[in-house]
Participant: 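This is the structure, below, for whatever I ask next.
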Amino acid sequence: MGKYKELLLNIALFALNTISTKLITFLLVPLYTYFLTAAQFGITDMSLTVLGLISPIVTLSVGDAVTRYVIDDSREKERYISVGFWVTVIGCVVMLVILPILDLPLFGGLGDYKWYYMIYFITLNYNGYLGNVARGLDRIKLMAAASIASSLVSASSASVLIGVLGWETEGYFVSLVLGGLTSICMYLLIGHFGRYVGVPKYRNDEKYIKRMLLYAIPLIPNSIFWWVGTGVNRFFITAMLGIGSSGFLLRRAKSRIF
């Protein structure tokens, strides 16, 4: 019965995490649609669209492999977590190298906020990575708490930065970064996940890298196909009509809910 109770508890925590974060995001829609112009709203959406495409490619979806092998080979969990950490570092460096492409007209002015985007990219990917580590280590309570805390900090800071201080697009990015940093700090200070990360040594880690990438790389096309189904139209709209039209259509669609 103990295993069934644990399973039910984990299901309840996942449900609480999903419902609370989605609800907070839902309640933020009126704030964004009221205080951001159509073009600004389009830029925030474009940032999510670009991130959804690039993240699984540059990080090689290594977080999924970490979850799998930490569970399957718990005796070597430190090596898998450490390798995943450094692969994610490399992914962030790759994003930094290709960051100037955001200046292209195709991205509708996202290049004007590319450094905000870069910081957001780093925090989001490490937040997601540490969430995968928590899942592999069966730290579900911590993962749920970190996710809810992150959403609350993002929502409250967005309300102040956008609604009160008028930071608009900058406030959007800063609020998301603050939320991500809150979650990361909880994983490091409460979960002590930092103790699993060591200095990379290719000869020692080679077998772990190969094993993880053989599992993770085939997952990348799946992420891309999901992105094509939900995000590729943003580029067509932006290229043909401009970022303002893209933001207007998205804002109108979300405003109908209210």
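Every value quoted in this text rests on a predicted model; they were computed, and no experiment measured them.
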Participant: Report yes or no: do I71 and F193 belong to one cluster of Ile/Leu/Val/Met/Phe/Trp/Tyr joined by side chain heavy-atom distances under 4.5 Å?
Facilitator: no
Participant: Please check this pair: side chain of S150 against backbone of A146, looking for a donor-acceptor N/O pair closer than 3.5 Å.
Facilitator: no
Participant: Among residues at least two apart in sequence or on other chains, which ones pass side-chain contact (heavy atoms from CB on, under 4.5 Å) with L189?
Facilitator: C185
Participant: Looking at every non-hydrogen atom in both residues, tell me the closest pair between A158 and Y32 and how far apart they are.
Facilitator: CB-OH, 4.3 Å
Participant: How far apart are the closest heavy atoms of G52 and P56, and which atoms are they?
Facilitator: O-CD, 3.4 Å
Participant: Take Y196 and L137 through the side-chain contact (heavy atoms from CB on, under 4.5 Å) test and state the conclusion after the steps.
Facilitator: CA-CA 11 Å; Y196 298 115; L137 294 174; 3.7 Å; yes
Participant: For a quick test of reading the model, state the closest non-hydrogen atom pair linking G111 to D103 and the distance between them.
Facilitator: CA-OD1, 3.4 Å
Participant: Which value, rounded to the nearest 0.5 Å, describes the distance between L213 atom CG and L219 atom CG?
Facilitator: 11.0 Å
Participant: When hydrophobic residues are tied together by side-chain contacts of less than 4.5 Å, even through go-betweens, does I98 share a cluster with L48?
Facilitator: yes
Participant: When the ring planes of Y69 and Y215 are compared, do they come out parallel, tilted or perpendicular, using 30° and 60° as the limits?
Facilitator: perpendicular
Participant: Can you tell me how far OG of S223 sits from CG of D64, rounded to the nearest 0.5 angstrom?
Facilitator: 7.0 Å
Participant: What heavy-atom pair brings M212 and V83 nearest, and what distance separates the two atoms?
Facilitator: SD-CG1, 3.7 Å
Participant: So if I apply the side-chain contact (heavy atoms from CB on, under 4.5 Å) rule between V177 and each of T123, T182, V153, I122, which one comes out positive?
Facilitator: T123
Participant: Search all heavy atoms of G131 against all heavy atoms of M143 and return the closest pair with its distance.
Facilitator: O-SD, 3.6 Å
Participant: Do Y113 and L102 come within less than 4.5 Å of each other through their side chains, counting heavy atoms only?
Facilitator: no
Participant: By the definition side-chain contact (heavy atoms from CB on, under 4.5 Å), identify the one residue from V58, L99, V50 that meets it with F121.
Facilitator: V58
Participant: Could you check V133 against V70 for side-chain contact (heavy atoms from CB on, under 4.5 Å), going step by step and ending with a plain yes or no?
Facilitator: CA-CA 8 Å; V133 172; V70 166; 6.0 Å; no
Participant: State, with a plain yes or no, whether a side-chain heavy atom of Y126 is found less than 4.5 Å away from one of V89.
Facilitator: yes
Participant: Determine whether S159 and L31 make a side-chain contact, defined as any pair of heavy atoms from C-beta on separated by less than 4.5 Å.
Facilitator: yes
Participant: I would like to know whether Y187 and N127 meet side-chain contact (heavy atoms from CB on, under 4.5 Å); could you show each step before the answer?
Facilitator: CA-CA 9 Å; Y187 287 127; N127 187 13; 3.7 Å; yes
Participant: Using the rule given for side-chain contact (heavy atoms from CB on, under 4.5 Å), can you reason through I57 versus V94, listing the C-alpha separation, both sets of side-chain angles and the distance that settles it, and then say yes or no?
Facilitator: CA-CA 10 Å; I57 296 175; V94 172; over 6 Å; no
Participant: Will you find, in the side chains of R211 and Y80, an N or O donor that is under 3.5 Å from an N or O acceptor?
Facilitator: yes
Participant: CD1/I148 to OG/S183 distance, rounded to the nearest 0.5 angstrom?
Facilitator: 11.0 Å
Participant: Flag yes if F225 and I217 sit in one hydrophobic cluster, no otherwise; membership is Ile, Leu, Val, Met, Phe, Trp, Tyr, and two members link when side-chain heavy atoms are under 4.5 Å apart.
Facilitator: no
Participant: Just verifying a value: how many Å separate L110 CG and T44 OG1, rounded to the nearest 0.5 Å?
Facilitator: 10.0 Å
Participant: Does W86 reach the main-chain N or O of G198 with its side chain, forming a donor-acceptor pair under 3.5 Å?
Facilitator: yes
Participant: I need the K207 NZ to R79 CZ distance, nearest 0.5 Å.
Facilitator: 10.5 Å
Participant: Using the side-chain contact (heavy atoms from CB on, under 4.5 Å) definition, which of the options Y172, Y116, F107 pairs with S47?
Facilitator: Y172
Participant: Looking at every heavy atom in both L176 and S154, which two are closest together, and how far apart are they?
Facilitator: CA-OG, 3.9 Å
Participant: Using 0.5 Å steps for rounding, measure from the CD1 atom of I119 to the SG atom of C92.
Facilitator: 12.0 Å
Participant: Using 30° and 60° as the class limits, which term best fits the ring planes of Y117 and Y120: parallel, tilted or perpendicular?
Facilitator: perpendicular
Participant: Do you know which of L124, V66, T59 makes side-chain contact (heavy atoms from CB on, under 4.5 Å) with Y129?
Facilitator: V66
Participant: Excluding sequence neighbours, so at least two apart, what forms side-chain contact (heavy atoms from CB on, under 4.5 Å) with E206?
Facilitator: Y202, K210
Participant: Any link between Y34 and L161 through a network of hydrophobic side chains (Ile, Leu, Val, Met, Phe, Trp, Tyr) touching at under 4.5 Å?
Facilitator: yes
Participant: Transitively linked via ILVMFWY side-chain contacts under 4.5 Å: L96 with L60?
Facilitator: yes
